[in-house]
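The structure appears right after this line, and notes come after that.
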Amino acid sequence: MALNTLTVLARLGTMFERTARARDDAELNEVLDDVARAIGDVLGYRAVVINIYRYAFDDMLTAAAVGSDDSVRKLVGTVSPRETWTPLLTERFRRREGAYFVPDGEFDWDALGVDTYVPDLEPNDDPNAWLPGDALFVPLRDARQQLLGVVSVDEPETCLRPTDEELDVLVTISKHAALALRIGQDMANDLEHQRMLERVLEVSSRLAEASDVDAVLQAVSDGIRHALGFEKVLIGIADDPVLPLATRAYSGWDPGSAALDHGASLTDLEGLFSADFEVAGCYLLPAKVAEERLGIDDFPYRSELNGHGPHAWSRHWLMVPLVEGDRRIGVIWVDDPRDRLLPTRARLQALRLFANQAVAAVHVAKQAARLRHEATHDALTALPNRRAFRARLEREIDGRAGFALLLCDMDNLKTVNDTRGHDAGDKALQRLADALRNQLRRTDEAYRIGGDEFAIVLPKASRLDAERVMRRLREGLAGSVGGSQTIEASFGIAVHEPGDDPEHVVARADGALYKAKRRRAESVA
């Protein structure tokens with residue numbers, strides 16, 4: 001057939017405009033439908049099929065077709081293994097630049113092992129007639145020659161095999177289909193990267209709230225699931241590498257799943273963190289290798305979103321260690337990629353960014369906890385300080401349950417400092433603090449409120465209770481510090497009475513302490 005060049009160029013121009021406007025899979029499918037119709041209209045083929053290569057399954061999916069309504073319904077959505085196309089796209093069938101023509105009788109279609117379409121054509125005596133067993137294909141490739149799909153045409157209206165000019169136009173239009181596919185894939189990748197960046201920035205903004213570390217870790221987990229497309233995410237933290245990892249956040253798992261309480265430690269997982277499988281700080285291992293390194297024959301959990309072929313996820317293990325300084329503090333385990341593909345390097349780099357945020361959250365939370373502790377605790381004895389003591393008194397008074405207060409003063413600190421030095425004095429104070437801690441009930445609490453002054457709050461305690469505690473504390477102080485020097489201490493007791501404010505309770509206990517110290521001094525004299 002004679003081709004109208006202006007018609008071809010106009011049709012291609014329209015398709016390029018539509019391709020440039022395509023923003024999602026639905027619009028991309030419309031472009032592919034347009035390409036199939038253009039091939040049918042411009043080149044006069046009654047049957048046109050566009051197959052796209054699915055990396056996750058290593059197969060071809062029929063995405064668009066032109067033909068009878070019945071044939072289109074049957075074709076669109078069908079799949080065929082990639083290997084069934086390999087013998088068709090060989091050099092012996094190559095025609096012109098990028099087309100492959102398989103003449104009738106030169107290929108055993110039954111050997112493919114799949115259903116093939118053979119049209120019922122009227123006999124034709126022309127030596128160049130299109131025969132029922134003829135087939136014409138154009139593979140769709142990108143600039144790197146990666147296979148994107150295949151265009152297949154049949155039943156030419158002329159009933160003749162294509163001329164070289166017709167083949168060139170077919171290849172040109174098919175290149176547009178390849179361009180549309182590549183644009184669609186690139187746009188999908190761009191949108192994915194945009195989602196990754198937006199979610200990373202969103203989680204970063206929450207680091208200011210890292211005092212609630214679990215909330216930040218949950219945001220990291222959710223971010224990985226939604227932005228990176230992994231249906232299952234688990235974040236485990238451990239203070240010690242030999243202790244079982246505690247699940248601190250997860251997404252996509254059933255709350256009752258055994259995976260959330262797996263019992264593995266960082267030491268158990270050490271074999272997975274091999275440089276042979278490291279990409280961008282993440283560790284991606286085939287299932288068999290991971291199970292061998294973990295010393296298990298058959299791991300009970302199975303990935304659910306697996307694919308097929310060299311690019312597909314197939315029960316892989318993907319772990320990202322959480323590293324603070326020079327030590328691992330946890331791990332992120334992800335599984336079930338929604339696209340069923342092995343993650344790209346860009347995707348793994350984004351996963352590493354999320355992992356870094358998890359580490360930052362833990363670090364900031366630790367720093368915040370340390371600062372809060374330092375603000376309310378004494379550096380020498382690690383006991384709560386005067387600020388914490390005043391806050392506790394107010395809580396006890398507001399609680400209206402009653403309490404007793406014990407004030408303690410180390411009588412011989414000056415003597416220890418003068419005779420044995422300030423280091424010995426500090427050790428004596430630490431020993432006194434230890435004795436106070438060890439002899440108290442779980443609900444009681446001791447505080448260092450001055451140089452050698454301590455306070456003990458005894459919730460729901462009577463005077464008799466307080467006297468018993470005081471006797472235990474005296475017994476606990478028995479011993480020596482660096483030799484024969486003993487710790488000597490005096491105690492004063494006050495029981496909260498209705499209407500008392502903190503100052504009144506402390507004043508009564510302080511008065512009792514002063515009397516006790518004076519009696520001790522008189523007895524020594």
For the atom pair CD1 (Ile329) and CD (Glu324), what is the distance rounded to the nearest 0.5 Å?
-> 4.5 Å

Who pairs with Arg390 by salt bridge (charged side-chain N to carboxylate O under 4.0 Å, His left out), at least two apart in sequence or on another chain?
-> Glu503

Check for a donor-acceptor pair, side chain of Arg508 on one end and backbone N or O of Val495 on the other, with a separation under 3.5 Å.
-> yes

Between CG of Asp398 and CZ of Arg395, what distance do you get to the nearest 0.5 Å?
-> 9.5 Å

Verdict with supporting geometry, Leu284 and Val279, side chain to side chain contact (heavy atoms under 4.5 Å, CB included) | CA-CA 7 Å; Leu284 179 65; Val279 181; 5.7 Å; no

Which heavy atom in Glu445 sits nearest to a heavy atom in Pro384, and how many Å separate them?
-> OE2-CG, 3.3 Å

Whether His363 side chain and Val359 backbone form a donor-acceptor pair below 3.5 Å | no

Within the side chain of Asp336, is there an N or O that forms a donor-acceptor pair under 3.5 Å with the backbone of Leu305?
-> yes

Over all heavy atoms of both residues, which pair between Arg328 and Leu266 is shortest? Give the atoms and the distance, please.
-> O-CD1, 3.4 Å

May I have the step-by-step check of side chain to side chain contact (heavy atoms under 4.5 Å, CB included) for Val457 and Leu405, ending in yes or no?
-> CA-CA 5 Å; Val457 177; Leu405 173 64; 4.3 Å; yes

Under 6.0 Å from the CG atom of Asp240, do we count more than 12 heavy atoms belonging to anything else shown?
-> yes

How many angstroms lie between atom CD1 of Ile493 and atom CD1 of Ile456, to the nearest 0.5 angstrom?
-> 9.5 Å

Taking C-beta and beyond as the side chain, do Asp59 and His308 meet within less than 4.5 Å on heavy atoms?
-> no

Going by heavy atoms in the side chains, are Phe454 and Leu429 under 4.5 Å from each other?
-> yes

Under the side-chain hydrogen bond (donor to acceptor under 3.5 Å, both in side chains) rule, what do Asp214 and Gln218 come out as? Steps first, then yes or no, please.
-> CA-CA 6 Å; Asp214 287 335; Gln218 189 60 51; over 6 Å; no

Measure the shortest side-chain to side-chain distance between Val331 and Val320 over non-hydrogen atoms and say whether it is less than 4.5 angstrom.
-> no

So with a 6.0 Å cut-off around CZ of Arg338, is the heavy-atom count from everything else above 12?
-> yes

State whether the side chain of Asn438 and the backbone N or O of Asp434 hold a donor-acceptor pair below 3.5 Å, judged by distance alone.
-> yes

Any donor-acceptor pair under 3.5 Å from Thr247 side chain to Leu260 backbone = yes

Which heavy atom in His316 sits nearest to a heavy atom in Asp335, and how many Å separate them?
-> O-OD1, 4.3 Å

More than 12 heavy atoms from other groups under 6.0 Å of NE2 on His504 = no

Stepwise salt bridge (charged side-chain N to carboxylate O under 4.0 Å, His left out) test for Arg471 and Glu475 = CA-CA 6 Å; Arg471 285 195 293 271; Glu475 292 171 0; over 6 Å; no

Just wondering, do Val289 and Ser274 contact through their side chains at under 4.5 Å, heavy atoms?
-> no

Could you walk me through whether Arg345 and Leu348 pass side chain to side chain contact (heavy atoms under 4.5 Å, CB included), step by step?
-> CA-CA 5 Å; Arg345 185 177 186 86; Leu348 293 176; 5.6 Å; no

Locate the shortest heavy-atom distance separating Ala433 from Thr381; write the atom from each residue and the value.
-> CB-CB, 3.6 Å

Compare every heavy atom of Phe403 with every heavy atom of Ile397, then report the nearest pair and how far apart it is.
-> CG1-CE2, 3.8 Å

Is atom CG of Asp501 surrounded by more than 12 heavy atoms (other residues, nucleotides or ligands) closer than 6.0 Å?
-> yes

Would a distance-only check, ignoring hydrogens and angles, find a side-chain to backbone donor-acceptor pair under 3.5 Å from Thr376 to Ala388?
-> no

Residue pairs meeting salt bridge (charged side-chain N to carboxylate O under 4.0 Å, His left out), one or both in residues 456-467, sequence neighbours left out, come to Asp465-Arg468

Nearest heavy-atom pair of Ala178 and Leu140: which atoms, and what distance?
-> CB-CB, 3.9 Å

To the nearest 0.5 Å, tell me how far Arg54 CZ sits from Arg340 CZ.
-> 9.0 Å

Spatial distance of atom CE (Met319) from atom SG (Cys282) [nearest 0.5 Å] = 11.5 Å

Validation row: Leu147, Met60 side chains within 4.5 angstrom (heavy atoms) | yes

Using modelled atom types only, decide if a donor and an acceptor are shared between the side chain of Thr84 and the backbone of Pro81 within a distance under 3.5 Å.
-> yes

Sub-4.5 Å side-chain heavy-atom contact between Asp409 and Asp452 = yes

Working for ring-ring contact (aromatic ring centres under 6.0 Å, His included), residues Phe277 and Tyr283 | CA-CA 5 Å; Phe277 301 99; Tyr283 294 84; 8.8 Å; no

Contact check, side chains of Leu473 and Cys408, non-hydrogen atoms, under 4.5 Å | no

Under 3.5 Å donor-acceptor, Glu231 side chain and Arg225 backbone = no

Check the angle between the aromatic planes of Tyr53 and Tyr55 and answer parallel, tilted or perpendicular using the 30° and 60° thresholds.
-> perpendicular

Kindly determine whether Asp411 and Lys517 satisfy side chain to side chain contact (heavy atoms under 4.5 Å, CB included), including the steps that lead there.
-> CA-CA 8 Å; Asp411 298 324; Lys517 290 180 70 69; 2.5 Å; yes

Measure the spacing between CG of Leu322 and CG of Asn356 and express it to the nearest 0.5 Å.
-> 9.0 Å

Kindly indicate whether the side chain of Asp268, heavy atoms from C-beta on, has any atom under 4.5 Å from the side chain of Leu294.
-> no

Is the Trp317 ring parallel, tilted or perpendicular to the Trp333 ring (thresholds 30°, 60°)?
-> parallel

Any sub-3.5 Å donor-acceptor pair from Asn412's side-chain atoms to Thr415's backbone N or O?
-> no

Donor-acceptor pair, Arg347 side chain versus Leu228 backbone, under 3.5 Å?
-> yes

